[in-house]
There are 2 protein chains.
Amino acid sequence: MLVRINSAHRRPVDGHLAAVAGDRACCSEFRYRRGSEIFGEGEDAEFVYQITSGAVRTYKLLPDGRRQINSFHLPGDMFGFENNEAHRFTAEAITETDVRIMTQSNLLGAMPGQAAGPKNLIGFVTQNLQHAENHMLLLGRKTSLEKVAAFLREMDERLAQPDVLNLPMTRRDIADYLGLTLETVSRSLSTLRDEHILRFDGPTQRRVEILDRDRLSQLDA
Amino acid sequence: MLVRINSAHRRPVDGHLAAVAGDRACCSEFRYRRGSEIFGEGEDAEFVYQITSGAVRTYKLLPDGRRQINSFHLPGDMFGFENNEAHRFTAEAITETDVRIMTQSNLLGAMPGQAAGPKNLIGFVTQNLQHAENHMLLLGRKTSLEKVAAFLREMDERLAQPDVLNLPMTRRDIADYLGLTLETVSRSLSTLRDEHILRFDGPTQRRVEILDRDRLSQLDA
DNA sequence: CGGAACTTTGACGACTCTCAAGCTTCGTGG
DNA sequence: CCACGAAGCTTGAGAGTCGTCAAAGTTCCG
């Protein structure tokens with residue numbers, strides 16, 4: 001379910017979309033409910049998205065339902081750019097999520113064609129590629145504990161947390177990101193808790209405090 | 001070991017590098033011996049490469065030596081483009097390999113800044129990203145037999161073989177590409193042979209004839 | 001021609017998955 | 001605000017897929 005929350009002409013205040021597009025022809029804002037689909041694999045790619053709040057998962061499915069999550073997207077992240085082709089994966093809101101939207105063609109048209117830098121389209125696609133390359137190493141060659149440790153380090157870094165990680169995704173999401181089952185994720189987290197590398201904060205199991213970043217790094221190969 | 005085999009001003013006759021660069025400022029040619037390194041992870045990215053004959057593997061290593069091969073590169077393929085940064089993985093010649101080389105800066109300078117199409121840099125990086133996304137699904141969620149079947153389908157398609165696949169890589173290379181051990185790859189191939197889905201051609205085990213593409217596809221999820 | 005590299009196959013083991021049960025948390029509606 | 005049902009999480013026991021270790025045969029290359 002999609003709810004429009006702003007006028008189509010509201011101007012963005014900061015972030016990549018504005019930087020990339022040169023702050024023009026931008027952006028509608030939309031809100032997606034927890035679990036709702038933003039776009040589906042195979043659909044024509046009409047828009048590019050940037051998260052203002054919430055979190056998004058992008059994934060592929062096998063015919064029998066096995067799922068591989070490519071990446072999690074957090075506030076500030078851009079996703080859905082497809083270079084004038086169909087979406088190659090599905091995007092869903094993990095929690096209630098607000099996004100800015102602009103059309104792919106506006107983004108392309110607004111792009112000056114210059115070379116390097118993280119703010120242009122090549123830099124954007126290259127960042128995704130780099131993440132995918134690192135993730136292939138994780139999926140193909142790391143143990144379950146190493147995978148979970150790497151996941152926590154990634155979230156720790158991306159959420160830039162002073163204190164407690166507030167994970168938006170379920171154990172199953174984490175499992176499908178790491179190529180594990182949710183039980184194995186749970187067991188690995190329990191192991192890290194027993195080793196006093198992390199602790200769970202409060203009643204929920206989604207709030208995690210990293211107690212020992214050094215040992216966490218050691219575990220991640 | 002690197003051997004120069006052509007004048008620096010030989011003009012390319014076809015393929016991506018020429019198309020991308022607009023057929024100018026191109027290309028020296030070099031030959032690499034079996035197993036020699038073309039560039040190393042972390043090195044400054046000076047050149048972009050296109051294979052004229054042979055095969056190349058690109059991979060990352062964990063500190064303890066576990067290896068994940070990102071991709072195999074075959075004649076016509078371009079690799080090594082890094083958008084003005086350091087190489088993110090190592091590239092090695094699998095067999096004796098001839099490549100065309102041009103500098104990254106020439107490639108960037110020669111690029112007109114326009115938008116879509118598979119022949120420009122964004123299209124090139126996007127192709128790599130797409131391959132990586134498919135490979136994450138394979139690594140995270142497919143069984144050993146599905147992985148080997150997918151590998152054979154990929155090679156069958158890319159080598160565009162009328163008859164027999166002549167695989168340049170060892171079982172260990174295949175294993176490190178699929179996130180398996182060489183023994184598991186060997187066992188899976190034997191299973192496919194026993195099922196009359198493929199047969200080995202001649203004395204070597206590197207020449208494979210696909211006997212039943214339909215059943216091979218079914219096995220690949 | 002000889003040795004190194006590669007491949008296959010077997011036996012065994014272990015890491016991770018599957019299946020299951022029970023508990024906790026969350027979200028919705030009364 | 002509380003209650004209830006659904007969803008999420010943990011933990012255990014057992015099984016299975018794939019990895020490890022080992023040995024022998026084959027191919028390749030100098």
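So that the names make sense, note that chain A is the first sequence line, chain B the second, and so on, each numbered from 1. In this text the structure is predicted, and so the values were computed from the model without any measurement.
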* Asked: Base, sugar-phosphate alone, or nothing: which one does Gly35(B) contact when heavy atoms must sit under 4.0 Å apart?
  -> nothing
* Does Arg171(B) have a side-chain nitrogen or oxygen under 4.0 Å from the phosphate oxygens OP1 or OP2 of dT8(C)? -> yes
* To do: Consider only side-chain N and O atoms of Thr184(A) and Ser144(A), and report whether a donor and an acceptor are under 3.5 Å apart.
  => no
* Structure fact -> When the rotation axes relating C1' atoms of four end pairs to the next four are compared across the helix from dC1(C)-dG30(D) to dG30(C)-dC1(D), five pairs an end, they differ to 10° by 60°
* May I have the distance from Lys142(B) (atom NZ) to dC17(C) (atom P), rounded to whole angstrom? => 18 Å
* Just checking, any donor-acceptor pair under 3.5 angstrom between side chains of Ser188(A) and Thr191(A)? -> no
* Hey, could you give me each pair passing salt bridge (Lys or Arg N to Asp or Glu O under 4.0 Å) that has a residue in residues 128-141 of chain A? Not counting sequence neighbours. => Glu133(A)-Arg88(B), Arg141(A)-Asp176(B)
* Asked: Listed by chain and number, what are the side chain to side chain donor-acceptor pair (under 3.5 Å) partners of Ser186(B), not counting sequence neighbours?
  -> none
* To do: Could you check whether Arg206(A) gets within reach of a base, just the sugar-phosphate, or nothing at all, counting any heavy atom under 4.0 Å?
  => sugar-phosphate
* Distance-only donor-acceptor check, side chains His135(A) and Glu154(A), under 3.5 Å -> no
* To do: On DNA chain D, reading 5' to 3', which nucleotide is the first and which the last to sit with an atom under 4.0 Å from a heavy atom of chain A, could you check?
  => dG8(D) to dA13(D)
* To do: Go through the side-chain N and O atoms of Tyr32(A) and Glu92(A) and say whether any donor and acceptor fall under 3.5 Å apart.
  => no
* Structure fact -> Rounded to whole Å, CD1 of Ile94(B) lies from P of dA5(C) at a distance of 18 Å
* Asked: Rounded to whole angstroms, how far apart are CD on Gln205(A) and P on dT25(C)?
  -> 7 Å
* Using a heavy-atom distance cut-off of less than 4.0 Å, which residues of residues 192-204 of chain B contact DNA chain D? -> Pro203(B), Thr204(B)
* To do: Answer yes or no: are there more than 12 heavy-atom neighbours, outside Arg172(A) itself, under 6.0 Å from its atom CZ?
  => no
* Asked: Starting at the 5' end of DNA chain D, which residue's closest nucleotide do you reach first, Val185(A) or Leu145(B)?
  -> Val185(A)
* For the side chain of Arg187(B) and the base of dG10(C), is some donor closer than 3.5 Å to an acceptor across the two? -> yes
* Quick one: side chain to side chain donor-acceptor pair (under 3.5 Å) partners of Ser190(A), sequence neighbours excluded? -> Arg193(A)
* Could you tell me whether Leu182(B) contacts a base, only the sugar-phosphate backbone, or nothing, with contacts defined as non-hydrogen atoms closer than 4.0 Å? => base
* Interatomic distance where CZ belongs to Arg33(A) and P belongs to dG27(C) [whole Å] -> 13 Å
* **Backbone N/O of Phe89(A) and side chain of Lys60(A): donor-acceptor pair under 3.5 Å** => no
* To do: Look only at the side chain of Arg215(B) and the backbone of Glu195(B), and say whether a donor-acceptor pair between them is shorter than 3.5 Å.
  => yes
* Cation-pi geometry met for Arg57(A) and Phe72(A) (6.0 Å, 45°) -> no
* Looking only at side-chain N and O atoms, does Ser190(B) come under 4.0 Å of OP1 or OP2 in dT9(C)? -> yes
